[in-house]
Amino acid sequence: MGSSPIIGFSIHLGTVAPTDTGSIPPWVSTGHAIPVLVEPKTSGEPYWSGWALAGDSRATAVASHDGVTVLLAGELYHRAELGSVVGETADGLSDAELLLACWLRYGPSGLRLCNGRFAAVVAENDSVVVATDHAGTIPLYLRTRPDGVDVATEAKVLAEGAGDSFPAPGTEPAPGLTGVRRVQAGTAVTLVPGSTVAEAARTWRPPHHRLIVSPDEAVNRVADVLDKAVRTRLGGPHDPVTAVLSGGIDSSSVVALASGGGRPVRTISLGTDIGDEFAAARVVAEHLGTRHHEFRCSSEELVRQLPWAVAAAEIVDAEVLEYLLPLVVLYRMVPNEGTRIVTGYGADIPLGGMHRTTERLHSLDEVIAFDMGTFDGLNELSPVLGSMAGHWTTHPFWDRDVLDLLTALEPGLKRRDGRDKWVLREAMRELLPTATVTRPKLGIHEGSGTSSAWSQLLRRVGVAESDLASVKTAMAAVFHRRTVREQEPPGEVSFDDVLDEVMSEQNLAVTR
Ligand code: ATP
Ligand code: MG
């Protein structure tokens, strides 16, 4: 793992020579632009042109050897293990070079070995493979056209292109855009630029089976696998790391493991006038001795930043946006660009944490299976949420090994002794204060008051209770149209204008 990964790219792969690499549209994530131009060595291979964005200008985007070219955004989390099977020491290799070595030994199957947070393009002969990590945590989009294919980690970059993508296997239409398709999570799609030849291979699926292990063993395994996932995400021993801390068990676990070994950790918490979890976060920060900062933002100011959340996540689902908004706002308040941020996001999905009142184990397991089967396309872990403010984010709970284990544990280890997320709480018992270990779950949108903030603002202008959901949905669609399809900078999209537009469309009167 380089300390400053490539955070995204936009590439045209074509059958004709490019005139230049193009320029980076100003509305995408902040970062250093690295032009990418690869000329074919033998006839038939595609030309590459475009750019990659990195946290710093020394990052390596492209690696080439023996007629194979790799472009990698993101990072790999088990570099030593990968090195051991490709017969090289991973030290000194960039993640792109490590993936290349893996490809040279295993071919496309090499992607099935990779545990990381990445989006990759690999070209060999006349074909191109576009691939997501196991969970699609870096969204990857494409637009095919008669003379090639455009591939980008942000859909907005492809919004205006000509060409209507054919429905390649392993891809789905991107919401609100015509002709742009998203590569599914855990999928590698092989394309031949300039043709409609395509096939897809799965590289990961959420496990459907459940493991029976003793409670003690489950607790030890969760502690070990999570510890490793956190450690591999921290960079070098002296690299500073920041954690977004709510004081809930998920983020507190990550902070506890990150602080192990005396590493200095900065923790940050967000609160609004409607709600905060400052007291709970402070208990954890004091216990672990982190450098702790509280950020407060008015609930109105929070909601007015919705265009940023939509521009980053590139989704239209109002409920998911309510989860993501507080993080987007917090990331934008963190001063130093280039900060590596770890979160506790996503633990609830494999552990069933959102279903805290579901008592029957069968029902709990069904909702876990459902949630693990439907996360794709929600873009909850998109790096753009942080990279819009110049930061790199990473989520230990969605490490492939952590996710495999947590999903597969039998539900009686998740709900036990009247507690949700039992196995995680037990695994962290020694590291955290008892108050934290036993603290009931509070959703991110509840703690910071996002859902109620958006509703409150709508009620204030006269939206009836029964119209709240439809107005939110319609507003999300307009934010998406303007920031993604029309590529307006989110700072120039006014919440009030969008609200007025939606209210008049729905024949509702605004009372300001
Ligand atoms: P629990 O699920 O037990 O409440 P949690 O609060 O850590 O644990 P979520 O509520 O699911 O987890 O929130 C997701 C993640 O978002 C957290 O793990 C944390 O990293 C981050 N987060 C949530 N709320 C805040 C907040 N107010 N300030 C800073 N970070 C937050
Ligand atoms: Mg919480």
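Whatever order the structure lists ligands and atoms in, that order sets their numbers, starting from 1.
Between Trp398 and Phe375, the distance from one ring center to the other falls under 6.0 angstrom.
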Verify side chain to side chain donor-acceptor pair (under 3.5 Å) between Thr394 and Arg233, making sure each step is shown before the conclusion. CA-CA 7 Å; Thr394 176; Arg233 278 166 173 74; 2.9 Å; yes

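By the 4.0 Å N-to-carboxylate-O rule, Arg400 lies too far from Asp133 to be salt-bridged with it.
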Do any nitrogen or oxygen atoms of ligand 1 lie under 3.5 Å from a protein nitrogen or oxygen, and which ones?
residue  : atom   : partner : partner atom : Å
ligand 1 : 2 (O)  : Asp250  : OD2          : 3.0
ligand 1 : 2 (O)  : Asp348  : OD2          : 3.4
ligand 1 : 2 (O)  : Lys421  : NZ           : 2.7
ligand 1 : 2 (O)  : Lys441  : NZ           : 2.5
ligand 1 : 3 (O)  : Ile249  : N            : 3.4
ligand 1 : 3 (O)  : Lys421  : NZ           : 3.2
ligand 1 : 4 (O)  : Leu442  : N            : 3.1
ligand 1 : 4 (O)  : Leu442  : O            : 2.9
ligand 1 : 6 (O)  : Ser246  : OG           : 2.5
ligand 1 : 7 (O)  : Ser246  : OG           : 3.3
ligand 1 : 7 (O)  : Ser251  : N            : 2.7
ligand 1 : 7 (O)  : Ser251  : OG           : 2.8
ligand 1 : 8 (O)  : Asp250  : N            : 3.4
ligand 1 : 8 (O)  : Asp250  : OD2          : 3.3
ligand 1 : 10 (O) : Lys441  : NZ           : 3.2
ligand 1 : 10 (O) : Leu442  : O            : 2.9
ligand 1 : 10 (O) : Ile444  : N            : 3.4
ligand 1 : 11 (O) : Asp348  : OD2          : 3.0
ligand 1 : 11 (O) : Lys441  : NZ           : 3.0
ligand 1 : 12 (O) : Asp250  : OD2          : 3.3
ligand 1 : 18 (O) : Gly344  : N            : 3.3
ligand 1 : 18 (O) : Gly344  : O            : 3.4
ligand 1 : 20 (O) : Val244  : O            : 2.7
ligand 1 : 20 (O) : Gly344  : N            : 3.0
ligand 1 : 27 (N) : Leu270  : O            : 2.9
ligand 1 : 28 (N) : Leu270  : N            : 2.9

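His445 meets the ring pair (Phe, Tyr, Trp, His ring centres under 6.0 Å) test with Tyr323; sequence neighbours excluded.
Backbone or side-chain N, O or S atoms of Gly248 do not reach the Mg ion (ligand 2) at under 2.8 Å.
Remark: side-chain polar atoms of Asn379 are not paired, donor with acceptor, to backbone N or O of Ser382 under 3.5 angstrom.
Between the side chains of Thr203 and Arg112, not a single donor N or O lies within less than 3.5 Å of an accepting N or O.
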